[in-house]
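What follows is a short report on a single structure.
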There are 2 protein chains.
Amino acid sequence: MKNRPYHHGDLPAALLARAEQTLREKGSGALSLRELAREIGVSPAAPNRHFKTKQALLDALALTGFERLAETLAASQEGVGAAFAARMDAAARAYVGFAVANAALLDLMFSVKHSPEASEALGAAAQQWSEQLLELIGDGQRRGEVREGQLERVALPVFAALHGYAGLAVSGMLPAEVTEHGLDDLIASILRSCAPQ
Amino acid sequence: MKNRPYHHGDLPAALLARAEQTLREKGSGALSLRELAREIGVSPAAPNRHFKTKQALLDALALTGFERLAETLAASQEGVGAAFAARMDAAARAYVGFAVANAALLDLMFSVKHSPEASEALGAAAQQWSEQLLELIGDGQRRGEVREGQLERVALPVFAALHGYAGLAVSGMLPAEVTEHGLDDLIASILRSCAPQ
DNA sequence: CCTACATTGTAATCAGTGTATACATTGGAG
DNA sequence: CTCCAATGTATACACTGATTACAATGTAGG
C-alpha cells in the first residue's frame with residue numbers, strides 16, 4: 001500500500017543530493033537535518049545512522065565538492081594546448097567558474113571548522129586538488145615558460161590569487177561590471193608574476 | 001543589594017565585546033544569543049532590544065571588524081617610507097596578520113549571508129577599506145613604481161592575492177612551515193606583477 | 001529453507017536555540 | 001514632577017541536533 005518501503009534504498013546518497021540542492025538554493029545556514037529527513041520522507045533520526053552528526057554531513061558534502069572540483073579542473077585541460085598560458089587560463093576560468101556556481105559549497109570546503117578525523121580525508125582531497133595545479137605549473141617550468149624556483153613556493157601565490165578572486169566574487173565584493181574584465185586581469189597578472197627571469 | 005541594576009548601562013557594547021571573545025575562542029558557529037545574555041547576566045530576550053536578529057549582531061560584529069582592519073592597515077603605514085615596495089610589504093603583512101589573528105571574524109566579514117539593509121553599511125565599510133589599498137597603489141603609479149592602467153583593474157589582482165592568502169592561511173590549508181616563507185613569496189609575487197613595463 | 005544477527009528506520013524524548021509578545025522597571029525631557 | 005520612551009523581564013512557541021529504546025528488514029551460515 002505504502003509506496004515507500006521501510007528501507008529507503010540509498011539514504012546517504014539521497015541526503016547528500018538533497019542537502020546540496022538546499023545548500024545551493026538557501027545557503028549553508030539554512031541546512032537542517034530534520035527538514036532534510038522530512039523532504040526525503042524518513043524519520044528525523046534516520047540521518048543519524050549515516051551521519052553521526054550534522055558536521056559529518058557537511059564534511060561529506062565538502063568532500064564531494066572537492067571531487068567535483070577536481071573533475072572540473074581536469075576537464076578544463078582537455079582540448080587546450082600544451083602552452084602554459086593557455087592551460088593556466090583554462091584552469092583559472094574553471095576554478096572561478098566552479099566557485100561562483102557553487103558558492104555555498106566552496107564556503108563549506110574551505111570552512112575552518114572540520115571534525116578532526118574528517119579533516120584527514122578532506123585534507124587529502126584538498127591536497128589532491130592542489131596537486132593538479134602544481135603539476136600544471138611544474139610543466140610550465142619544464143617548458144621554460146614559468147620562472148624557476150621550488151615548485152610549492154612558485155605555486156602558492158598563484159593559489160592565493162585564484163582562491164582570493166573566487167572568494168571576493170562569491171562574497172559579492174565585486175560589482176557586476178568588474179567581474180567581467182576582472183578575471184582577464186587576474187589571469188594576466190598571474191602569468192606576469194609567473195613569467196621567467 | 002543586587003549589584004546589577006535593572007539597566008545594564010551599555011548592553012550593546014557588552015554584547016559585542018563578549019560576542020567577539022567567544023567568537024575568537026570557540027568559533028562563529030558556537031555563538032548563541034542566549035548564552036551571551038547568560039554570561040552578561042541579562043534575560044534571554046534582552047539582546048533583542050539592540051539586535052533584532054542574530055544576523056544583526058553578526059553584521060554589527062563584522063562592521064567593527066572592518067573598522068579595526070582599517071585602523072590596522074592605516075597603522076601599518078606609519079614609519080614606513082614612501083617607496084611602494086615598502087608600503088605594500090607593510091600593508092600585506094598587516095592584512096594577513098589581522099586575518100590569522102581574527103580568523104573567525106574575517107570569515108564573518110566576508111560571509112555571503114548579510115541582511116540586505118546591513119549590507120549597505122557593510123558594503124561601505126568594505127569599500128572604505130579597499131580605498132586604502134587603492135590609494136596605496138595609486139601612489140605607486142604616480143611614483144612610477146607601479147605599472148599603468150585603470151586603478152581598479154591594477155588593484156584587483158592584488159586584492160585577490162592578499163585575500164586568498166589570508167583565506168588559505170585561516171582555513172589551515174597552509175602547513176606551518178609554508179606560512180613562514182609563504183608571505184615573503186606572496187609579496188614578491190605581488191610586486192612582480194605590479195612592476196611597470 | 002530458515003534462523004540468528006547486523007543494518008537501517010521509527011518513536012519518543014531532552015536540552016538548547018532564535019524570536020515574538022505582553023508586562024515591569026527605569027531614567028530623562030518637558 | 002509627571003509622563004513617556006527606552007530598556008530589561010517573563011513567558012511562550014516553534015524549531016533544531018542529538019540520544020535512546022524499539023521495530024522492521026535484509027543477509028549470511030547452518
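Worth knowing before you read on, the calculation uses all heavy atoms, side chains too, and leaves out hydrogens, waters and symmetry mates. Protein chains get the first letters and strands the later ones, always in sequence-line order, with residue 1 at the start of each.
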Among residues at least two apart in sequence or on other chains, which ones pass salt bridge (charged side-chain N to carboxylate O under 4.0 Å, His left out) with B/E145?
B/R143
Nearest nucleotide by nearest heavy atom, which residue falls closer to the 5' end of DNA chain D, B/L11 or B/P44?
B/L11
Taken to the nearest whole Å, CG/B/L15 to C1'/D/dG8 is 12 Å
Can you tell me how far P of C/dT17 sits from CD of B/E39, to the nearest Å?
10 Å
Which is it for A/N102 and A/R68 under the side-chain contact (heavy atoms from CB on, under 4.5 Å) test, yes or no, and what are the steps along the way?
CA-CA 11 Å; A/N102 308 279; A/R68 280 182 16 212; 3.1 Å; yes
Does any pair with a residue in residues 46-58 of chain B pass salt bridge (charged side-chain N to carboxylate O under 4.0 Å, His left out), and if so which ones, sequence neighbours excluded?
none
Near-strand residues of residues 16-34 of chain A, defined as heavy-atom separation under 4.0 angstrom from DNA chain C
A/R34
Quick check for you: to the nearest 0.5 Å, what is the distance between B/L136 atom CG and B/L73 atom CG?
8.0 Å
Spacing of A/R38 atom CZ relative to C/dA11 atom C1', expressed in whole Å:
16 Å
For atom CD of A/E35 and atom C1' of D/dG17, their distance in whole Å
14 Å
Rounded to the nearest 0.5 Å, what separation is found between the CG atom of B/L31 and the OG1 atom of B/T22?
4.0 Å
Between P on C/dT8 and CD1 on A/I40, what's the gap in Å once rounded to a whole number?
15 Å
Residues B/E35, B/R18: salt bridge by 4.0 Å N-O rule:
no
Can you pull out every salt bridge (charged side-chain N to carboxylate O under 4.0 Å, His left out) where at least one residue sits in residues 86-102 of chain A? Sequence neighbours excluded, please.
A/R87-A/D139, A/D89-A/R93, A/R93-A/D184
Tell me which residues in residues 46-57 of chain B lie within less than 4.0 Å of DNA chain D, going by non-hydrogen atoms.
B/A46, B/R49, B/H50
Quick one: list whatever passes ring pair (Phe, Tyr, Trp, His ring centres under 6.0 Å) with A/F110, sequence neighbours left out.
A/F66, A/W129, A/H163
